[in-house]
Undergrad: 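Okay, handing you the structure first.
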Amino acid sequence: MSQVVNAGFPLLTATAAVPAIGAILTAAVPAARRTAAKWLALLVSLVTLALAATVLVGFDADGDRYQFVESHSWIKDFGVRYELGVDGIGVALIALTALLIPFVILAGWHDADPLETESSRWRPTQGFFALILAVEAMVILSFEATDVFLFYILFEAMLIPMYFLIGGFGDRAHAGSDENAAAQRSYAAVKFLLYNLVGGLIMLAAVIGLYVVAGNFSLTEIAEARASGQLEMATNTERLLFLGFFFAFAVKAPLWPLHTWLPNAMGEATAPVAVLITAVVDKVGTFAMLRFCLGLFPEASKWATPVIITLALVSIVYGALLAVGQRDIKRLVAYASISHFGFIIMGIFAMTSQGQSGATLYMVNHGISTAALMLVAGFLISRRGSRLIADYGGVQKVAPVLAGTFLIGGLATLSLPGLAPFVSEFLVLVGTFARYPVAGIIATTGIVLAALYTLVLYQRTMTGPVKEEVRTMPDLRVRELAVVAPLIALLIFLGVFPKPLTDIVNPAVTHTMSDVQQKDPAPEVEAAK
């Protein structure tokens with residue numbers, strides 16, 4: 001796990017610094033120049049995407065485990081370093097984050113335009129886009145951090161802009177009065193913050209405990225010391241530290257029964273912010289399970305695997321069942337995401353190369369498919385002014401392009417063969433079957449339920465008689481097509497040809513499997529008679 005510090009251009013720092021600086025500049029744009037603030041935020045996100053693409057292209061899958069490494073002393077007395085490095089998993093998720101943010105900004109182009117309510121409150125447009133860029137900077141840096149304390153700071157700090165995005169810029173298509181809508185947004189934002197803060201405080205205790213045991217916060221140094229036998233943790237100590245880290249990541253992921261904040265947050269947030277939550281921020285939790293739980297506490301990870309696999313199965317089935325019964329479009333997507341995160345966590349802790357490769361691909365593909373479905377749903381909701389499924393019907397007859405993109409996003413959500421999520425879900429199930437066949441069989445019920453809630457949603461909103469309220473509904477506009485079309489194209493491309501992504505991810509998965517000293521189970525082949 002040795003790493004060579006890169007003495008050249010600090011590319012990883014630049015990839016996170018550009019959106020951070022862009023957030024400050026966007027917030028500083030004069031109040032009367034709202035349009036200029038939007039264009040500045042979009043330009044910053046595109047520059048960040050170009051830097052992320054540079055990292056992706058320059059990453060050598062067959063090279064060192066951590067590349068583009070930067071290491072500088074930060075808080076010397078406590079051994080805290082500003083230490084960055086990316087492996088194949090981190091590179092893939094950085095690319096996903098940088099790719100989605102321009103679409104989030106375009107989709108939310110008018111979501112923070114001034115809106116005078118009965119209380120004469122105005123929405124600060126510049127603040128909305130500045131907060132999105134701030135979240136992007138923190139998420140990207142969290143995927144790069146190899147110092148545990150630095151990661152913890154970012155893990156907690158990203159809660160602040162997300163709290164304001166949920167509570168201050170809620171969905172305008174809310175049934176009831178402005179006061180009721182504001183109360184619901186406030187409840188969702190506070191619940192999001194409290195759940196994640198509790199997880200973070202428990203993780204802080206574990207971070208301090210890790211420092212007491214290891215004497216530093218460097219992920220690479222701790223892992224090397226453990227592998228060489230220079231650092232030994234008592235069994236109970238390792239398990240307690242593992243539980244402290246895992247609890248925080250399970251809240252962020254979210255894993256049942258720590259999931260209840262997600263439907264509230266996604267339901268009350270605007271569609272672009274809902275995408276930011278589930279397609280970007282929540283991936284930090286599952287990524288951290290791979291990097292920190294398995295990397296720092298391999299024996300405890302294996303010890304906890306049966307319970308975690310069970311919780312993941314509950315998430316898969318429970319989330320899918322609740323999605324079937326939803327009347328709110330956005331909450332349906334939220335519960336579907338809980339089910340999908342169950343697949344990701346199950347793949348991670350199946351402790352097979354197929355399962356972990358599938359889980360990493362699932363993080364990327366779920367981000368793209370959920371973004372496509374939720375953003376199209378947001379365009380639909382903004383036209384009708386309602387999130388209730390019952391308020392729609394016959395949309396495909398008046399807005400066929402909108403209905404078609406909604407269908408493709410839905411089919412990707414149910415992992416239809418030929419679309420990107422199918423590859424990842426298939427690998428997760430194959431990897432799980434190899435070691436836990438009963439868990440693999442139970443998990444397949446999630447696929448059946450996904451087909452049910454997706455097709456029922458499409459049938460009730462897009463087919464049947466045209467309701468009077470949607471009769472004059474316009475089809476997708478140019479800006480909206482510019483958001484949706486690239487995501488749909490990427491779903492198809494990665495569904496047909498996932499090799500560019502698997503080539504980057506697989507070597508990193510091999511390193512993770514080595515950390516936990518696990519090998520794939522040998523296939524059981526019946527001897528020929």
Side-chain angles (χ1 to χ4, degrees), residues 52 55-56 59 61 86-100 139 143 253 275 278-280 282-291 294 312 315-316 336-337 339-373 408-409 411-435 440 443-444 446-447 450 486-513 520:
V55 174
L56 181 65
F59 183 82
V86 289
D87 60 0
I89 299 170
V91 164
L93 292 174
I94 290 169
L96 171 69
T97 303
L99 173 71
L100 291 181
V139 170
F143 291 141
V275 169
T278 190
V280 176
D282 287 355
K283 298 302 187 298
V284 176
T286 48
F287 164 79
M289 291 179 189
L290 276 167
R291 172 167 282 188
L294 272 62
S315 288
I316 291 169
S337 291
S339 181
H340 295 149
F341 275 104
F343 277 105
I344 294 171
I345 295 170
M346 184 177 71
I348 292 172
F349 285 89
M351 301 292 183
T352 61
S353 58
Q354 299 99 328
Q356 292 187 358
S357 293
T360 305
L361 292 178
Y362 216 134
M363 292 185 224
V364 176
N365 294 333
H366 171 263
I368 300 170
S369 62
T370 299
L373 180 61
I408 296 174
L411 293 176
T413 298
L414 64 82
S415 299
L416 184 77
L419 297 175
F422 169 77
V423 179
S424 45
E425 194 165 279
F426 177 79
L427 285 173
V428 166
L429 288 173
V430 168
T432 304
F433 269 115
R435 199 178 293 277
T444 55
I447 302 174
L487 296 175
I488 298 296
L490 199 55
L491 285 173
I492 296 171
F493 174 77
L494 291 177
V496 176
F497 188 60
K499 188 175 184 296
L501 195 54
T502 56
D503 285 348
I504 293 174
V505 166
N506 286 342
V509 167
T510 301
H511 286 298
T512 304
M513 291 285 289
D520 291 331

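Only heavy atoms go into these numbers, but all of them, side chains included; no hydrogens, no water, no symmetry mates. Note that the numbering runs from 1 along the sequence shown for the chain.
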Undergrad: Using every non-hydrogen atom in the two residues, find where Ala443 and Leu429 come nearest and quote the distance to one decimal.
TA: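 Nearest pair, atom of Ala443 first, then Leu429: CB-CD2, 3.8 Å.
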Undergrad: What distance do Ile368 atom CD1 and Met363 atom CE have between them, rounded to the nearest 0.5 Å?
TA: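 Interatomic distance, Ile368 CD1 to Met363 CE, rounded to 0.5 Å: 13.5 Å.
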Undergrad: Which pair of heavy atoms, one from Ser424 and one from Tyr362, lies closest together, and at what distance?
TA: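 That closest heavy-atom pairing would be CB-N, 3.3 Å.
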Undergrad: Nearest 0.5 Å please: distance from the CG atom of Leu416 over to the OG atom of Ser369.
TA: 12.0 Å
Undergrad: Rounded to the nearest 0.5 Å, how far does CD of Gln354 lie from CD of Gln356?
TA: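 Output value for this atom pair is 10.5 Å.
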Undergrad: With the side chain counted from C-beta on, respond yes when Phe143 and Thr97 share a heavy-atom pair under 4.5 Å apart, and no when they do not.
TA: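 Result yes, sub-4.5 Å side-chain heavy-atom pair found.
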Undergrad: Which of these passes side-chain contact (heavy atoms from CB on, under 4.5 Å) with Pro498: Asn365, Val423, Val364?
TA: Val423
Undergrad: Between CZ of Phe287 and CD1 of Ile94, what distance do you get to the nearest 0.5 Å?
TA: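 Going from CZ on Phe287 over to CD1 on Ile94, the span is 7.5 Å.
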Undergrad: Just so I know, are the side chains of Val505 and Val91 near enough to count as touching, which here means a heavy-atom distance under 4.5 Å?
TA: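 When only atoms from C-beta onward are counted, Val91 and Val505 do not touch, as no gap falls below 4.5 Å.
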Undergrad: Thr502 vs Ser357, test: side chain to side chain contact (heavy atoms under 4.5 Å, CB included). Steps then yes/no.
TA: CA-CA 7 Å; Thr502 56; Ser357 293; over 6 Å; no
Undergrad: Might you point out which heavy atoms bring Ile345 and Ala253 nearest each other, and give the distance in Å?
TA: CD1-CB, 4.0 Å
Undergrad: Is there a donor-acceptor pair closer than 3.5 Å between any side-chain N or O of Thr352 and the backbone N or O of Gly431?
TA: yes
Undergrad: Between CD1 of Ile348 and OG1 of Thr512, what distance do you get to the nearest 0.5 Å?
TA: 9.5 Å
Undergrad: Output, in order, the C-alpha distance, side-chain angles, deciding distance and verdict of side chain to side chain contact (heavy atoms under 4.5 Å, CB included) for His366 and Phe341.
TA: CA-CA 9 Å; His366 171 263; Phe341 275 104; 3.9 Å; yes
Undergrad: What do the steps show when you test Ile447 against Glu425 for side chain to side chain contact (heavy atoms under 4.5 Å, CB included), and what is the final call?
TA: CA-CA 9 Å; Ile447 302 174; Glu425 194 165 279; 3.1 Å; yes
Undergrad: Give me the atom names and distance for the closest heavy-atom approach of Gly440 to Thr432.
TA: N-CG2, 3.8 Å
Undergrad: Could you check whether the rings of Phe493 and Phe497 sit parallel, tilted or perpendicular, using 30° and 60° as the cut-offs?
TA: perpendicular
Undergrad: With a 4.5 Å heavy-atom cut-off, do Thr286 and Asp282 have their side chains touching?
TA: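 In short, these two side chains do not touch, never coming nearer than 4.5 Å.
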Undergrad: Just wondering, do Thr413 and Pro421 contact through their side chains at under 4.5 Å, heavy atoms?
TA: no
Undergrad: Which heavy atom of Ile488 sits nearest a heavy atom of Gly409, and at what distance?
TA: CD1-N, 4.3 Å
Undergrad: Distance check, rounded to the nearest 0.5 Å: Met513 atom CE versus Leu294 atom CG?
TA: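 CG of Leu294 is found 9.5 Å from CE of Met513.
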Undergrad: Test side chain to side chain contact (heavy atoms under 4.5 Å, CB included) on Leu93 and Val139; report intermediate values, then the result.
TA: CA-CA 9 Å; Leu93 292 174; Val139 170; over 6 Å; no
Undergrad: Could you report the tightest heavy-atom contact between Ala371 and Val275, atom names first, then the distance?
TA: CB-CG1, 3.7 Å
